[in-house]
Amino acid sequence: MNPADLLVWLVLLPVLLAALLFVAPEGWRTRLGQLGTLLCASLALLLAWQVLQHGPISVALGNWQPPLGIRLHADGLSALMLALTALVALPLAAHAPAWFVRHEAAQSRAGAFFWPLWMFQWAALNLLFLAGDLFNAYVGLELSGLAAVALVALGGQRAALEAALRYLLLALFGSMLYLLGVALLYGAGGVLDLTLLGAQLEADHASRAALLLITLGLLIKTALLPFHFWLPAAHANAPAPVSAILSGLVVKASFVLLLRIWFEIFHPIGLGGAGEVLGALGIAAIIWGSLQAMRQERIKLLVAWSTVAQLGYLFLIFALAVELAWAGSVLHALSHGLAKAALFLAAGNIVLALGHDQIHRLHGAAGKLPLTFFTVALAGVSLMGLPPSGGFAAKWLMLQAAIDLGRWPYVVAIIGGSLLAAGYLFPLLRHALAGTHDPRQREGERLLSRWLEFPPLLLATLALLLGLMALLPMSLLSGGMPVSLR
Amino acid sequence: MSGVTLALDLLLGLSLVWLAWRTLASPTLFGAIVLFIAFGLLMALVWARLDAPDIALAEAAVGAGLTGVLLLAALADLQQGDNLLPVREPLRGWLLQLILALCALGLFTLLTLALLGLPSPPPSLAGQVLPRLDGAGASHPVTAVLLDFRAWDTLLEIAVLLLAVVAAWSLGSHPHPNPRIVGSEVLQGLVRVLLPFAVLSAGYLVWRGGFAPGGAFQAGTVLAAAGILLLLSGLGRPFNGRHWLWRALLASGLFIFTGVALGTLLLGGGALDYPAGLGYGLILAIELGLTLTIGLTFIALYAGEQDAAEERE
Amino acid sequence: MNTLLLAAALLLLLTILAGLWRVVRGPTAADRMLAAQLFGTSGVGTLLLLAEAWQQPALRDVALIFALLAVLALVAFVRLRHEGAE
Amino acid sequence: MNMALWFTLVGAALAAIALHAFFSRRHPLRRLIALNIMGSGIFLVLIGLARLYPGTLPDPVPHAMVLTGIVVAVSATAFGLVLLRRLARLGRGET
């Protein structure tokens, strides 16, 4: 296959699968979904391999070149994010069916609709990672937002539906701000292609207003503090496989778009202190998110607040705008994606096995679910940024950048953030390990099937291995570094 | 510019702003919906004024028609029995009010400064589109952009439409908004007369789309309107989502569109690069498929899915 | 001739606005419904006049759609309004 | 002032009013209406920009963008309303 065709397939195949999964009888959906996952994931990994071998790939759809036509573009950043999505999707395809079957008999409907909705989400994510056109990215944002809201609503409970409605309203509001910004950019530049726009934009009122609107819109979707308020309820009340998708992948898509827009369009024309503001908000998010996570009594809420904190790290790049920090930020997106997906799936398993997710009632739970709590600990290592995990490598790069630049507040925040993460993860493990466990309970039936326990373990292991293989993503990234950072 | 035109422009613009304000400040939800429908009508007139007949058509069908009916249906459902929704009090506290007012004012100032400072003459893609119309599958510029130059956007837009139905059905079946509907002979007579006209108009709009304003979306909305009228008058019945044929029909537009995209890709031309001479035919096929899908989609979003069991009750 | 058409369109627009005033003021749902019925007719009239005045034949199609969709809105008003919905 | 610029400013005013209403009115139905009006304002800015200067050719690209935007907006609104109805029925104890 022509490598450029891969880009088109990566969006169209999940779209087609979503439609097929909707039409297919409910009994067929799991098998078809798993088969489709295998296909889509192989394509994504193949594309990452191609980019690693031959450098960035572009394709103009319908053979109409920009500015008239729409371009898809796969560089190192896209390749890594596509690969991350594939690596999360594969274990998920094994875990989700088992989870939906076990969760509640009445939710067979949720299990049946999970597949088409997740395929739509996957298509939207791939599109956003590949988008070279601002308006096309808008359609991608809406596709992703609607699918995410519907996935949250699969929870079915009142709390899930309320969180979904709030998420929907804010996501739509964010898209509106983004679209308004795109309208102004079109008025100023007369093109929608990212690269072309970057080459010709000037620092005038319209482009500054557009930057502000687009940034605000995408911050709402990425849930950077102070726009994080919708996230904990939505991520914590969704079914566990959905939480893994939302926290691990969906918030990263709007972040990647923001990253491209800032460093490809706006950075060349100078931003003044705007990047500093985002960096400071990132620090605030690390602190506030961690403090809130420590106060939570339910595991899923703790994990959701931890996402608020960990997303803060991503935004340090806007203040530390150098190559090292860029690599660190992307590496953090990858390792957080894997570790957080693992953690949410493990949290879902705990709820299934124990029937509750109260942290203070976990006494001795680690004895019942050794593999699941091992997964929690392993994912925690990456979230805390301990060696040799991916989280460690990412934070190390950011730390080095901050020290090189002499930005001491950032040095303190990066190190402090790890301590804070330990502050909310250790109590969880302590409760689970504390107390002697009644050995009689280990007899009898297995609490969880291996389909439920191994996928999160695999994800957590990948997050750990990422630190040992950090050179691979780094070499992919060096090809697609934005001009403004070189 | 003549005085009358100037008066018309001023009146249209000012009444649009006034209407938006009254709509959003309306004390009752019913009033807000009625005003929103009127807002759609005025928007359609403004689109006409701005030489955007395609958008005027879409707005007349959607803003003034479909969205209003969807809102009314939702309101009818919300108002059955006690309320219901976790609605918090309107925002209280003068400080919050002040901050909010400043935000709105700030947005207006920001946009005004940006708009007044735009370059002249404005950069535009018109110079790119018009010379290429001969090679495109449609001679009407907007249709050519939608289904050829930027067909990728339109394909994904159709994905969004199907996603909306999948998402709505994933919430479970919801009954018809007004279960007490009984057949009224006057209404059914009216619908019987109107129906052929609606179908005819839809066909006319698709056919015109190739060379003049119109197209699948507008035509599909007219079809949807006809379908909703059937349901409202009690002549038609909602979908049975359990039957795979309905679901296949709902997805057919997306199947056709992705089929064309993947077909052109596999033939070696590149996705959505229509082979020479086939452009017009392929675009017409896509448009016809889309019209049917869009019509069914909006009916499905209005009526919801009905379980076979529920239907029997 | 053109000015005359535009003036007529302006007049129709004013009647729509007068109707809107009723929609805002109410007080009964019947007032609102009657006013809403007026938009349909006046809207079609305005569009037809503007089609002539601005030489935009496509506006006639808009008027056609408008006439069809106005029926839908009206039927929905009557059928979906719950008793006591205010 | 030319006509198109006037309507872009009207669009800006619509967006600002809708922003205010979106945060000050809490009923989800009103907030959906506010988002729709905000959308109309944004579309008006786009189309106004497309013919900001008389004598230039009208640019079909923003027209196509707005048509796509309208479809996306109505899909999202329709789904939002179904979600709202579902929530209301849950409140009444139905399933």
Side-chain angles (χ1 to χ4, degrees), chain B residues 9 13 16-17 20-21 23-24 29 32 36 39 43 46 50-52 54-55 58 62 66-67 70 74 77-78 81 84-85 87-88 90-91 100-101 103-104 107-108 111-112 115 120-122 124-126 129-130 141-142 145-146 150 153-154 157 160-161 164 167-168 171-172 174 217 301 304, chain D residues 3-10 12-21 23-30 33-34 36-37 40 44 47-53 56-61 63-64 66-68 70-72 74-79 81-89 91-92:
Chain B
D9 285 346
L16 210 52
V17 174
W21 170 57
T23 303
L24 295 169
L29 285 171
F36 180 70
F39 178 84
M43 279 303 295
V46 172
L50 286 168
D51 286 340
D54 297 87
I55 306 176
V62 172
L66 195 67
T67 310
L70 291 173
D77 208 19
L78 294 191
L84 18 173
L85 279 179
V87 180
R88 280 176 290 163
L91 207 56
L100 202 52
C103 281
L107 180 67
F108 182 67
L111 289 175
T112 307
L115 290 170
S120 70
S124 135
L125 288 176
V129 174
L130 303 175
V142 177
V145 173
L146 274 175
R150 293 183 67 90
D153 274 345
T154 311
E157 161 204 318
V160 173
L161 263 174
L171 296 172
H174 60 262
F217 177 60
L301 284 171
Chain D
M3 175 270 290
L5 186 59
W6 159 244
F7 281 113
T8 55
L9 293 182
V10 168
L14 292 183
I17 293 172
L19 173 93
H20 186 273
F23 286 105
S24 70
R25 306 303 299 258
R26 308 312 298 244
H27 197 291
L29 203 68
R30 287 183 195 278
I33 295 179
N36 272 288
I37 289 183
S40 295
L44 211 47
I47 297 301
L49 288 176
R51 49 162 300 169
L52 206 46
Y53 292 84
T56 54
L57 294 165
D59 182 353
V61 174
H63 290 228
V66 169
L67 283 173
T68 304
I70 289 178
V71 180
V72 169
V74 70
S75 310
T77 307
F79 170 56
L81 290 173
V82 175
L83 188 55
L84 198 60
R85 287 160 75 173
R86 178 82 199 151
L87 203 50
R89 286 204 296 138
R92 289 199 293 271

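Quick note on labels: first sequence line is chain A, next is B, and so on, each numbered from 1.
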So which atom in B/V129 and which in D/P60 form the shortest heavy-atom distance, rounded to 0.1 Å?
CG1-CG, 3.7 Å

For residues D/A64 and B/V145, report the shortest heavy-atom separation together with the two atoms involved.
CB-CG1, 3.4 Å

Is B/F36 in contact with chain D via its backbone, its side chain, both, or neither, using a 4.5 Å heavy-atom distance?
side chain

Tell me which of these, D/L19, D/V71, D/V74, has more heavy-atom pairs under 4.5 Å with chain B than the rest.
D/V71

Considering only heavy atoms from C-beta outward, does the side chain of D/H27 approach that of B/L78 to under 4.5 Å?
yes

Top contributor to chain D contacts, counting heavy-atom pairs under 4.5 Å, from B/V62, B/D51, B/T23:
B/D51

If you count heavy-atom pairs within less than 4.5 Å of chain B, which of D/V66, D/T68, D/N36, D/I17 leads?
D/T68

Quick one: CG on D/L44 to CG on B/L50, what's the gap to the nearest 0.5 Å?
6.5 Å

Taking all atoms of both residues into account, what is the closest heavy-atom pair of B/A74 and D/R85, and its distance?
CA-CD, 3.8 Å

For B/V142, which atoms come within 4.5 Å of any heavy atom of chain D: side chain, backbone, both, or neither?
both

Student check: side-chain heavy atoms of D/R89 and B/D77 closer than 4.5 Å
yes

Is there a donor-acceptor pair closer than 3.5 Å between any side-chain N or O of D/R25 and the backbone N or O of B/L24?
yes

Of all heavy-atom pairs linking B/G13 and D/W6, the shortest is CA-CZ2, 3.8 Å

Under a 4.5 Å cutoff for heavy-atom pairs, which residue among B/A104, B/A32, B/A20 has the most contacts with chain D?
B/A104

So what's closer than 4.5 Å to chain B heavy atoms on D/S40: side chain, backbone, both or neither?
both

Grab the two heavy atoms, one from D/F79 and one from B/A168, that are nearest each other, plus how far apart they are.
CD1-N, 3.8 Å

Counting heavy-atom pairs under 4.5 angstrom with chain B, the leader among D/L67, D/T77, D/V72, D/D59 is D/D59

Could you have a look at B/L111, B/L70, B/L125, B/V160 and say which one has the most heavy-atom pairs with chain D under 4.5 angstrom?
B/L125

Using a cut-off of under 4.5 Å on heavy-atom pairs, state which of B/C103, B/A58, B/A167 scores highest against chain D.
B/A167

From CG (D/L49) to CG (B/L115), nearest 0.5 Å
6.0 Å

To the nearest 0.5 angstrom, please state how far the CH2 atom of B/W21 sits from the CG atom of D/L14.
14.0 Å

Working to the nearest 0.5 angstrom, can you tell me the gap between D/I70 CD1 and B/T67 OG1?
9.0 Å

Measure distances from B/V17 to the heavy atoms of chain D and classify the residue's part below 4.5 Å as side chain, backbone, both or neither.
both

